There are 2 protein chains.
Amino acid sequence: MKISAQSYYGLKAVTFLAKESRVFSVKEIADGERIPYDYLEKIMQKLTRAGLVTSKRGSAGGYSLKRPSSKITAKDILTALDEAILPILCVMSNKSRSYCIMEKTCLSKNVWQRMQKAINYSLNSITLADLVYVNPKKSKR
Amino acid sequence: MKISAQSYYGLKAVTFLAKESRVFSVKEIADGERIPYDYLEKIMQKLTRAGLVTSKRGSAGGYSLKRPSSKITAKDILTALDEAILPILCVMSNKSRSYCIMEKTCLSKNVWQRMQKAINYSLNSITLADLVYVNPKKSKR
DNA sequence: ATTAAATCGGACTTAATAAATCCGATTTTT
DNA sequence: AAAAATCGGATTTATTAAGTCCGATTTAAT
């Protein structure tokens with residue numbers, strides 16, 4: 001199993017935005033979070049299309065969160081970028097890839113389903129606000 | 001995110017073994033679960049080295065579970081095959097890949113950690129016995 | 001008006017690695 | 001001795017993610 005760089009970068013970018021509610025250019029984010037500029041550009045566009053951030057074009061343009069950080073979950077970000085959190089043939093809704101013939105009798109499928117549920121539950125419960133307004137005992141920087 | 005074919009096949013193979021406690025050849029498993037023979041051979045060897053199945057060489061040889069199916073978890077299988085359930089740089093114990101410089105201040109790291117926990121908890125709670133002796137009424141969810 | 005600084009979209013290239021295959025050696029049963 | 005297995009290492013192939021590039025468009029500031 002593996003988390004894509006897109007999710008990894010994307011979540012970083014979006015928490016960066018969540019720290020201050022203003023417009024940030026891709027350059028600012030890329031520098032701040034050390035993400036390859038061109039790649040991040042693509043990621044931000046994806047997030048825009050998914051309705052999670054808004055873009056402002058032209059000079060002095062950039063990106064900002066579309067909703068308050070408390071209304072955006074980690075799950076929102078990851079599904080926007082990776083489209084399937086757990087792309088296992090028999091669990092996926094999108095059956096684009098080779099379809100499992102044994103689906104009906106497959107015992108191990110239960111594992112993927114339960115795992116899927118656990119992941120969804122976990123990710124749905126984390127908002128960007130949770131990440132940014134972190135427990136102050138830990139650090140105040 | 002993605003589950004490797006190895007985990008996918010491996011779990012299938014091992015649930016296959018769990019259904020009957022005798023020795024199965026790779027050929028039997030491969031045919032039964034429709035897994036590429038040569039590839040499955042490798043997977044079984046990995047599981048053997050991990051101490052989850054035992055192999056018997058020579059004619060009439062094959063593989064069987066090393067422990068009772070109630071003592072082997074889905075987590076056991078997946079970690080044996082994929083070595084890291086969630087290979088995210090900042091969460092991985094093995095820092096072989098490019099190391100995250102911002103580890104200390106990284107906010108999004110919390111997501112990966114929580115997710116990791118949720119996955120581990122889920123997978124640890126599923127034994128092969130659970131999968132094989134499935135509740136006939138399917139009321140247990 | 002012109003220029004500079006952005007996003008946008010699509011095409012392309014590169015790199016990584018998973019997936020699959022192949023082969024010869026060894027072990028064990030019949 | 002032959003047949004049926006596992007074993008282990010090397011190799012090949014395929015997939016796709018990751019990253020790059022370029023030209024078009026939009027917008028703000030000078």
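Bear in mind the structure is a predicted one, so any value in this text is a computation, not a measurement. To find a chain, count down the sequence lines: A is the first, B the second, and so on, and within it residues start at 1.
- Along DNA chain D, the nucleotide closest to B:Arg49 and the one closest to B:Ala60 are compared, and the more 5′ of them pairs with B:Ala60.
- Straight-line distance from the CD1 atom of B:Ile43 to the P atom of D:dG8: 16 Å, rounded to whole Å.
- Here the nucleotide nearest the side chain of A:Arg57, chosen from D:dG8, C:dT29, D:dA24, is D:dA24.
- Taking atom CG on A:Leu47 and atom C1' on C:dC8, their separation rounds to 15 Å, with Å as the unit.
- As judged by a 4.0 angstrom heavy-atom cut-off over every strand, A:Gln6 is placed among residues touching the sugar-phosphate backbone only.
- Looking at B:Asn110, its side chain does come within 3.5 Å of a backbone N or O of B:Leu107 through a donor-acceptor pair.
- Atom-to-atom, CZ of B:Phe24 to P of D:dT6 comes out at 13 Å; the value is rounded to the nearest Å.
- With C:dT7, C:dG9, D:dT6 as the choices, the nucleotide that has an atom nearest any side-chain atom of B:Ser25 turns out to be D:dT6.
- Using a distance-only test at 3.5 Å, with no hydrogens or angles considered, a donor-acceptor pair links the side chain of B:Lys46 to the main chain of B:Leu81.
- One atom, NZ of A:Lys27, and another, P of C:dA4, lie 16 Å apart when rounded to the nearest Å.
- Although no hydrogens or angles enter the test, the distance criterion places no donor-acceptor pair under 3.5 Å between the side chain of B:Ser122 and the main chain of B:Ala118.
- Between the P atom of C:dT7 and the CD1 atom of A:Ile29 lies a distance of 8 Å, rounded to the nearest Å.
- Between the side chain of A:Lys42 and the base of C:dG10 there is at least one donor-acceptor pair of N/O atoms closer than 3.5 Å.
- Across D:dG19, C:dA5, D:dT6, the shortest atom-to-atom separation from the side chain of B:Glu41 is found for D:dT6.
- The distance between atom NZ of B:Lys56 and atom C1' of C:dT29, rounded to the nearest whole Å, is 8 Å.
- Distance A:Lys46 NZ to C:dG9 C1': 14 Å, rounded to the nearest Å.
- With B:Arg67 as reference, B:Asp76 is the one residue of B:Thr54, B:Thr127, B:Asp76 to meet the side chain to side chain donor-acceptor pair (under 3.5 Å) rule.
- OP1 or OP2 of C:dT7 lies within a sub-4.0 Å distance of a side-chain N or O belonging to A:Tyr37.
- Using a 4.0 Å heavy-atom criterion, one finds that B:Tyr9 contacts the sugar-phosphate atoms exclusively.
- Mapping A:Gly58 and A:Ser7 onto DNA chain D by nearest heavy atom places A:Ser7 closer to the 5' end of the strand.
- Remark: B:Ser55 is in phosphate contact with D:dC7, judged by side-chain N or O atoms under 4.0 Å from OP1 or OP2.
- Between the side chain of B:Asp82 and the backbone N or O of B:Leu78 there is no donor-acceptor pair closer than 3.5 Å.
- Contact annotation for A:Tyr63: backbone-only contact, meaning every heavy-atom pair under 4.0 Å involves sugar-phosphate atoms and none involves a base.
- Across C:dT29, C:dC8, C:dA20, the shortest atom-to-atom separation from the side chain of A:Gln45 is found for C:dC8.
- For the pair A:Asp38 CG and C:dT13 P, the computed distance is 16 Å after rounding to whole Å.
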